[in-house]
Amino acid sequence: MTIRVRFAPSPTGNPHIGNIRTVVFNWLFARQNNGKFILRIEDTDRSRYTPNAVQIIEESLRWLGLDWDEGPDIGGPYGPYTQSKRLPLYQEKVNELLEKGWAYRCNCTPERLKAVKEMQRAAGVDTPMYDGHCRDLPPGAISPDEPHVIRLKVPREGETIVPDMLRGAVTFENQRIDDQILLKSDGFPTYHLAVVVDDHLMQISHIIRADEWLSSTPKHVILYQAFDWTPPTFVHVPLVMGKDGQKLSKRHGAVSVADFRQQGYLPEAVLNFLAMLGWAPGEGDEREIFTREELLATFELSRVKLSSAVFSYDKLDWINGVYIRNMEKSELLKRLVPFWQAAGLVPSPVPSEMFETLAQVVPLIQERLKRLKDVVELTDFIFTEIETPPAEKLVGKKMTPLESLEAVQAMQTVLSNLVNFDAATMEPPLRQLAQDLGLKAGQLFNIMRVATSNKRVAPPLFGSIEAIGRKRTLQRLSRAEEALTQLIASEKY
RNA sequence: GCCCCUAUCGUCUAGCCUGGUCUAGGACACAGGCCUUUCAAGCCUGGUACAUGGGUUCAAAUCCCGUUAGGGGCACCA
């Protein structure tokens, strides 16, 4: 049997990272089985339609490298892949159900429905359901021309079993399954009708979707029976939660693919992380880092855990850092440029003479980055002017202002006399200087770090200074010198 | 409330199916140390978990039942 799976989002906004995790499972399963991965847009709710959503969904998938074989943009043998373009199909199928007696017309008004529900609640009914008012009306009692909906005629007795690949048979009592609306009064199908019709027509073999659908699946199973179709294999995978144990949502922070992209997470790292949310290789295999190819070789749908997983930003940061550290410097540079540019630190396009500096900076920060965006905070002092640090900040550890001033002056001399202004050349004389001044290397270098970056924490000093250049470095030192001089003058020295 | 799902360190998880090898393994995070010009990275060390009660069994994290807890669902939304 050909494996055919799908991602069927409704175009209501930015794809959620939790949903994307499920897409990753789908995609991996399709690709490792030589199957097809299909994108289908479920836009049957006209009130929630968002114009750019489809495009954003496609972009998000592309960014993560989750390519699809059939979809609204590229078509395929079972199109169209947008439900709003398949309306006649649903109409036809629902008529079939009507003829077979598996569905009925219902012209109850929303007001009546609401009233019924309220009465049921008041009476202490556990699960409010449609009261079946139109269920047994004689055929023709409701004209096809008057406003109405079409409902599924769920058997009143017996039970419906949902076979789930991961949890076995899940049983539901038919008497608690509502007569689900299949076709809305606007002629659009509801999700339940459309999903069954399309999954069947598109020959979907496995429905891999989030847990939250499990409880509506018996309705789908009944529909498959009504149509006399063989249902696909159902695979319900756990939800992704936020730190507080609730379903992950915007209030937990970054949640859309676009958010992660903007913050400088690498798509390969995100893919890796997502695949590990609810799945692990097991059997003594303790790897955490998987390339796309390794994932393809190792992932096993049947090993997906059944309990929901909390999305750990800490772990994502760690994985992202691992990928950044393992990356070729030239590749990292390429990916960093847009972030420098977005912050206005580097012009766009990058002036050719600037590449050398950029290439010098990359090794300084590579192992310090968790997210690409961090490069801005880390390196801004190299590209822009800094504020002169307050004099107190320039005083070395266990040193007086005067001693600090002398150190700054001595450093200026050493740096001015350097033949080549590069990290390797400047280090020995500076170390020597520390010794000559009777200082620990750290004492001296920390003064220099603050003077040249106005930061107490910064990338390695000599490399940074090299990138800043001799002229600007000396300028900064001389400003530090002034500041210290003033401090000394203002106090009673 | 009712229905359904789930339950191993703070978090992600291995182990559970095919009970003994589990005084429960790994990773992230955390703490301490080493390295070190700061911060990282790296290395070393440390603490922390089988929700609970009952069975079954010579033996249970592993099998069964109850309880509890968490989650999901109960729309002319998907």
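Quick note on labels: first sequence line is chain A, next is B, and so on, each numbered from 1. All of these numbers come straight from a predicted model, not from anything done at the bench.
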Asker: What are the bounds, 5' to 3', of the part of RNA chain B that sits under 4.0 Å from heavy atoms of chain A?
Answerer: B:G1 to B:A78

Asker: Which part of the nucleic acid, if any, lies within contact of A:T12, taking any heavy atom under 4.0 Å across all strands shown: a base, the sugar-phosphate backbone alone, or nothing?
Answerer: nothing

Asker: With nearest nucleotide decided by heavy atoms, which residue, A:V170 or A:A441, maps closer to the 5′ end of RNA chain B?
Answerer: A:V170

Asker: When the P atoms of B:A27 and B:A69 are compared, how many Å lie between them, rounded to an integer?
Answerer: 35 Å

Asker: Assess, by modelled atom type and distance only, whether the side chains of A:H236 and A:D164 contain a donor and an acceptor separated by less than 3.5 Å.
Answerer: yes

Asker: Expected output is a numbered-order residue list: members of residues 453-462 of chain A with a heavy atom under 4.0 Å from any atom of RNA chain B. What is it?
Answerer: A:R456, A:V457, A:A458, A:P459, A:P460, A:L461, A:F462

Asker: Pairing check on B:G70: which nucleotide meets the Watson-Crick or G-U wobble criteria with it, both distances under 3.5 Å?
Answerer: B:C5

Asker: Can you list, by residue number, the residues of residues 151-159 of chain A that have a non-hydrogen atom closer than 4.0 angstrom to RNA chain B?
Answerer: none

Asker: Return the residues of residues 116-127 of chain A meeting this criterion: a heavy atom under 4.0 Å from some atom of RNA chain B. Order them by number, or give none.
Answerer: A:K117, A:D126, A:T127

Asker: Within the structure shown, what part of the strands sits under 4.0 Å from A:S47 by heavy-atom distance: base, sugar-phosphate, or nothing?
Answerer: nothing

Asker: Please report the distance separating the C1' of B:C28 from the corresponding atom of B:A14, rounded so that it comes out in whole Å.
Answerer: 15 Å

Asker: Of all residues at least two apart in sequence or in a different chain, which pass the salt bridge (Lys or Arg N to Asp or Glu O under 4.0 Å) check with A:E111?
Answerer: none

Asker: Not counting sequence neighbours, which residues clear salt bridge (Lys or Arg N to Asp or Glu O under 4.0 Å) with A:R303? List them please.
Answerer: none

Asker: Under a plain distance cut-off of 3.5 Å, with no hydrogens placed, do A:D314 and A:S312 share a side-chain donor-acceptor pair?
Answerer: no

